[in-house]
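These notes are about the structure you will find just below.
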Amino acid sequence: MGLDAQPRDMAGASKPVTPHPWRRFVAVGDSFTEGLDDPEPRSPGGYRGWADRAAEELSVGVPDFAYANLAVRGQLLHEVVETQIGPALALHPDLVSIQAGGNDLLHPGADPDKLAELLEEAVVRLRMQRATVVIFAGPDAGRSTVMGQFRTKIAIFNENMRSIAGHHDAIIADLWAMTELHDSRMWGPDRLHPSSLGHHAIASMVLDTLNVPHALEPLMPKPLPAKSWREARVGEIQWARDYLVPYMLRGIRHQSATGGFGAKRPVPAPLQEVPLTMPQQVVEAAMPPPSETDSGTETGP
């Protein structure tokens with residue numbers, strides 16, 4: 001059946017096609033989910049990102065769809081679990097994405113198995129509320145770049161993610177399998193955050209993984225011209241000096257990488273234009289729905 005086709009009942013009347021079952025999407029994580037290196041002045045916080053782009057598509061044809069993004073740049077996995085999972089549960093989502101651990105894996109001595117155990121606890125809590133949970137397998141850092149030294153830890157973490165998804169009926173959004181992310185234009189200058197092109201591709205992958213029809217077309221960038229060995233080496237040294245070394249020093253000194261930033265979309269709201277100069281109206285319109293226990297009716301587990 002084509003996307004424009006409408007199923008018909010026995011009387012021949014058309015019924016609207018429901019594009020997907022979700023009505024409230026909450027994204028939690030770090031700067032990757034906040035949307036860094038995908039600048040958009042009209043978006044909250046000045047960044048758009050894959051989660052916003054996916055939510056925009058999820059809202060098409062779903063008038064009561066709402067979206068919140070609780071991600072905070074720079075947070076480690078334990079901080080995401082401790083500060084975002086509770087607020088996410090309080091919003092009663094039926095779809096949750098949780099992406100975290102990347103900041104941890106770049107620190108010396110990070111244990112991908114222990115990180116996975118912590119993330120699994122969060123997945124269990126979210127699944128107990130019967131939300132659909134999306135977790136991420138990290139991207140392939142490649143062998144020939146400075147980031148290649150973290151490739152083994154990322155691969156181990158990813159295998160844990162697949163095991164967690166299998167045990168708890170979660171969904172894997174597989175960045176490792178996205179060969180298009182090997183194109184340097186998919187990444188911002190720091191090589192840690194996707195560019196606008198990268199966020200677009202990731203949003204498309206997430207929607208495809210959820211089996212949701214969408215209008216995101218692959219941009220199919222042209223192959224990059226090959227660099228000489230000397231040009232590539234100079235670029236690696238400059239990147240390590242400007243981005244990697246300062247990042248790792250902050251971790252060694254236990255300095256917060258959040259910079260005082262908080263969630264850019266702390267309450268679920270529709271994605272049509274909302275007058276952000278009237279925050280009280282936004283909050284009132286986006287209050288979590290009352291639970292069944294609030295109405296005096298208790299349900300089983």
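Between the E57 side chain and the A215 main chain, a donor and an acceptor come within less than 3.5 Å of each other. The closest donor-acceptor contact from the side chain of N158 to the backbone of G138 lies under 3.5 Å. Without hydrogens or angle criteria, D169 side chain to A165 main chain gives no donor-acceptor distance under 3.5 Å. Put simply, the side chain of N69 never gets that close to the backbone of K264: no donor and acceptor are under 3.5 Å apart. Checking side-chain atoms of H168 against main-chain N and O of A170 turns up no donor-acceptor pair under 3.5 Å. Here the side chain of R127 pairs a donor or acceptor atom with the backbone of A131 at under 3.5 angstrom. The main-chain N or O of L105 is found under 3.5 Å from a side-chain atom of K153 such that the two form a donor-acceptor pair.
Between the side chains of E79 and Q84, not a single donor N or O lies within less than 3.5 Å of an accepting N or O. Counted by atom type alone, S195 and D37 present zero donor-acceptor pairs between their side chains at under 3.5 Å.
Looking at E159 and R162, a side-chain N of the basic residue comes within less than 4.0 Å of a carboxylate O on the acidic one, giving a salt bridge. For the pair D94 and R23, the salt-bridge criterion is not met [side-chain N within less than 4.0 Å of a carboxylate O]. Between D30 and R73 there is no salt bridge, since no side-chain nitrogen of the basic residue lies less than 4.0 Å from a carboxylate oxygen of the acidic one.
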*Step by step, work out the side-chain contact (heavy atoms from CB on, under 4.5 Å) result for D140 and L181.*
CA-CA 8 Å; D140 185 355; L181 295 183; over 6 Å; no
*Test D174 against T209 for side-chain contact (heavy atoms from CB on, under 4.5 Å), laying out the working first.*
CA-CA 9 Å; D174 196 345; T209 300; over 6 Å; no
*Give the C-alpha distance, both sets of side-chain angles, the deciding distance and a yes or no for side-chain contact (heavy atoms from CB on, under 4.5 Å) between H214 and D208.*
CA-CA 8 Å; H214 61 84; D208 288 341; 2.8 Å; yes
*Just do the salt bridge (charged side-chain N to carboxylate O under 4.0 Å, His left out) check on D52 and R265 with the steps written out, would you?*
CA-CA 10 Å; D52 284 19; R265 293 178 181 267; 3.5 Å; yes
*When you look at L210 and I171, which way does the side-chain contact (heavy atoms from CB on, under 4.5 Å) test go after all the steps?*
CA-CA 8 Å; L210 292 171; I171 294 173; 3.7 Å; yes
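In this structure, E34 and V72 have side chains that are not in contact, with every pair of non-hydrogen atoms separated by 4.5 Å or more. Contact check for V134 versus V96: no side-chain heavy atoms found under the 4.5 Å cut-off. A heavy-atom distance below 4.5 Å is not found between the side chains of L95 and R24. By the 4.5 Å heavy-atom criterion applied to side chains, L58 and V212 are counted as neighbours. Here the side chains of M186 and H199 are not in contact, with every heavy-atom distance at 4.5 Å or above. Taking 4.5 Å as the limit, some side-chain heavy atom of P139 sits within range of a side-chain heavy atom of W187. In this structure, the side chains of H92 and P268 stay at 4.5 Å or more apart for every pair of heavy atoms. Side chains of D111 and L115 form no contact here, defined as non-hydrogen atoms less than 4.5 Å apart.
Criterion: ILVMFWY side-chain heavy atoms under 4.5 Å apart, direct or through other members. Under it, V28 and I172 are part of a common hydrophobic cluster.
A side-chain hydrogen bond (donor to acceptor under 3.5 Å, both in side chains) with D38 holds for exactly one of R53, H193, H200; it is R53.
Minimum heavy-atom separation, W176 to A155: CH2-CB, 4.0 Å. Here the closest non-hydrogen pair linking P93 and V26 is CB-CG2, 3.6 Å. The shortest heavy-atom contact between P19 and V62 is CG-CG2, 3.6 Å. Listed here is the closest heavy atom pair of F25 and A27: CZ-CB, 4.0 Å.
A ring-ring contact (aromatic ring centres under 6.0 Å, His included) check over residues 115-140, counting only residues at least two apart or in different chains, returns the pairs F32-F136, W50-F136.
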